[in-house]
Amino acid sequence: MTCEVNNSRVLLAHGDGGLLAREMVQEVFLKYFNNPLLGQLSDAAVFQFEGGKVATTIDAFVVDPVFFPGGDIGKLAVCGTVNDLAVSGARPFYMNASFIIEEGLLLVDLEKIAASMAKACAEAGVTIVAGDTKVVPRGHADKIFITTSGVGVVPDGVDLGYHRPEPGDLVIINGSMGNHGLTVLCAREALGLEGALASDCAPLNHTIFYLLSGCPGVKLMRDLTRGGLASAAKEIAESCGMDIYIKEASVPVDREVRGAAEMLGLDPLYLANEGKFLAVVDARESGRALELLRETRYGSGAVIIGEVRAGRGNVYLQTALGGTKILDLLAGAPLPRIC
Amino acid sequence: MKVLERLNDMELGQRMLKWVREKAARAADRLGRPAVLMEVCGTHTTAISRSGLRGLLKGLVELRSGPGCPVCVTAAGDIETMIGLSRLPGVTVATFGDMLRVPGRDSSLERERAAGARIKIVYSPADAVELARDNPGTEVVFLGVGFETTAPLVALSMKQARDTGLKNFTVYSVHKIMPPALRSLLDRGDINVDGLILPGHVCAVTGSKAFKFIGENYGIPAAVTGFTLVDIIDSVNALLDKILLKDSETSNNYRWVVKQEGNVEARRVLEECFYTGAAAWRGLGIIADSGLLIREELSAYDARIKFGLEVSVSAEPAGCRCGELLRGSILPTDCGLFGRKCTPALPVGPCMVSSEGACAAYYRYERREVAK
């Protein structure tokens, strides 16, 4: 391991979903827990069960602030798990939720969060069937931390995974990049840039199943949360052993996001989204995929942003000016607690 | 926003680039090598890397980074002092995020925070003043890192602290000013620079006149430059014109922001709160009159005085070539540590840390292959 485990401590940067996070997962957790399902390190584990395919996932949410434009920690906790299942090709059914609550949290806020979770569950069509609560002394947590897990069923005929992409496949995303990460950052620091910024937090399962039902050429999907589009593309490229080419000019970024990101020195391609996913689609079906997505509520901004090519696991960004640069995993950006 | 969009217009950029390449070929012909232009500002470095401009001009114009990233030029000894400050009982260090991960001899502010030090990232010195006001039981020390652009805000924060009678706020000022550094760099004469891309925001404070000496004393053309791609390409174009015409006047290509006289009010505040003295720069050594030191009248807000800080001289990390890089003598890729032992996740030198650092920009945007 490149960082000496014995005398190093966990840094906030270990939580940013980038290089250090990956190192920690591999050198500490996989060292002890490794198995073929976990080892894939994908959004959810998909396995055979009683003749069908089942997916399960779990996610913790520690976002600060708890309420932000476009959502709150409760909505995020439901959407995060629903989306992890959906991009794995599973229809989410049941969820569990656990709450770590700091002494002193206003009960009205807790209720607001619960109501928001219920609303997101209703939209996604999932039910919370088990839960747990713990209250810790003031200062031992920050207001509220929520962990959700979920199970879903992968319909027959749906086969997604790193084994499927081939050179020539196209890369599609369902809308603009960076809204969630930037909104939370601006809300937390009260930067005065908030203006029209809002998180894109949304349950994507209906959008994704509408796409899957009419487009069998969808080969792989990822949600574009922590680490953003760049990190997800890099993980896909590495896991498939192919290169991905992205055209910068094709990647939609809202004007407010671009302006604020520029000011803060952040790259929208690395900023988190909570209602966006990437799909690798057979080129022959890409037109159909776009049509289907654009008919949905959360897919109206769908665009083709790049393609898969034979290669060695690199992601290349063709800049608007005509240059080419490498996109790598996020490394040490000071953006913790956005989800 | 409309103007900015126009100036980020890629079609316009591409068209301009075509002329620039033709001109650059002629200049290279004349010089017998590609013209070397130095971008002095870290924000320019990042913009040039991110857009791929450096690569697009390869073989025609060499764009080199200079000493314009404030985090990068902060001397190793100052980094040790900052780390030491964070270990003092009762002290909360308030800093811009970029400083957090700069490695010192055997620690960094990030590591100190993980070990229990109170370190708070702020986005402006005013936030640090607020932090002090809200936490009367703790000593808030703001790390004043930056050039003419940041220093006026820090000056105002000290005035604000004085005017509101705040007793638990101080600044550790390692603020620096740019003209003496460029003079020192050009005096050393160890690099051949054919033109300078001057930092637009610094010039907005100093006025373009503060950089007239470059042409007058050194015969090198310079252009005050804005931060959109069109601005940068425009300045490259202007500098190539000057090289071809053997004209060495400093021109202002960022006229809609930068005035000949600069920002008189900002300079008045600087003058009121700081005096210039010798400062240590990473890579350039000690340069007379290049540091902004806190005036005696505000000594109650000077962390050096309040905590009796002794700033030691500290060695650069072993193998780190940030110093040479900041002088423009090498490119990031010339350093043996680049991308191998030194990466943004585990940086060895400051130029790999700061978002304005040349190594970080090259690592993020200009590698052709990922080192395995």
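Proteins come first, then strands; the chains are lettered A, B, ... in the order of their sequence lines, and each starts at number 1. Computed from a prediction, not measured in an experiment: that's the story for all the values here. Any value given below was found using the heavy atoms of this structure, including those in side chains, with hydrogens, waters and symmetry copies removed.
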Sorted by chain and number, sequence neighbours left out, side-chain hydrogen bond (donor to acceptor under 3.5 Å, both in side chains) with B/Lys23 holds for B/Asn237, B/Asp241

Pairing residues for A/Ser239 by the side-chain hydrogen bond (donor to acceptor under 3.5 Å, both in side chains) criterion, not counting sequence neighbours:
none

Find the distance between [atom1] ([X]) and [atom2] ([Y]) and round it off to the nearest 0.5 Å.
X	Y	atom1	atom2	result
B/Ile48	A/Leu321	CD1	CG	11.5 Å
A/Leu327	B/Tyr365	CG	OH	8.5 Å
A/Ile326	B/Tyr362	CD1	OH	15.0 Å
B/Arg367	A/Asn314	CZ	CG	8.5 Å

Taking side chain as everything from C-beta outward and backbone as N, CA, C, O, which of these in B/Ala115 sits under 4.5 Å from a heavy atom of chain A? Side chain, backbone, both or neither.
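Both parts, backbone and side chain.
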
Tell me if a side-chain donor or acceptor on B/Gln14 pairs with a main-chain N or O of A/Ala320 at a distance below 3.5 Å.
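Yes; judged by distance alone, with no hydrogens or angles, the pair exists.
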
Flag side-chain contact, heavy atom, 4.5 Å: A/Leu12 against B/Leu100:
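Heavy-atom side-chain distance check fails, nothing below 4.5 Å.
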
Quick check: do A/Leu11 and B/Arg111 have side-chain heavy atoms less than 4.5 Å from each other?
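Counting from C-beta outward, A/Leu11 and B/Arg111 do come under 4.5 Å.
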
Does this structure show an ion pair linking A/Asp267 with B/Arg50, if we count only N-O contacts that are shorter than 4.0 Å?
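No salt bridge links A/Asp267 with B/Arg50.
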
Grab the two heavy atoms, one from B/Glu110 and one from A/Ala13, that are nearest each other, plus how far apart they are.
OE2-CB, 3.5 Å

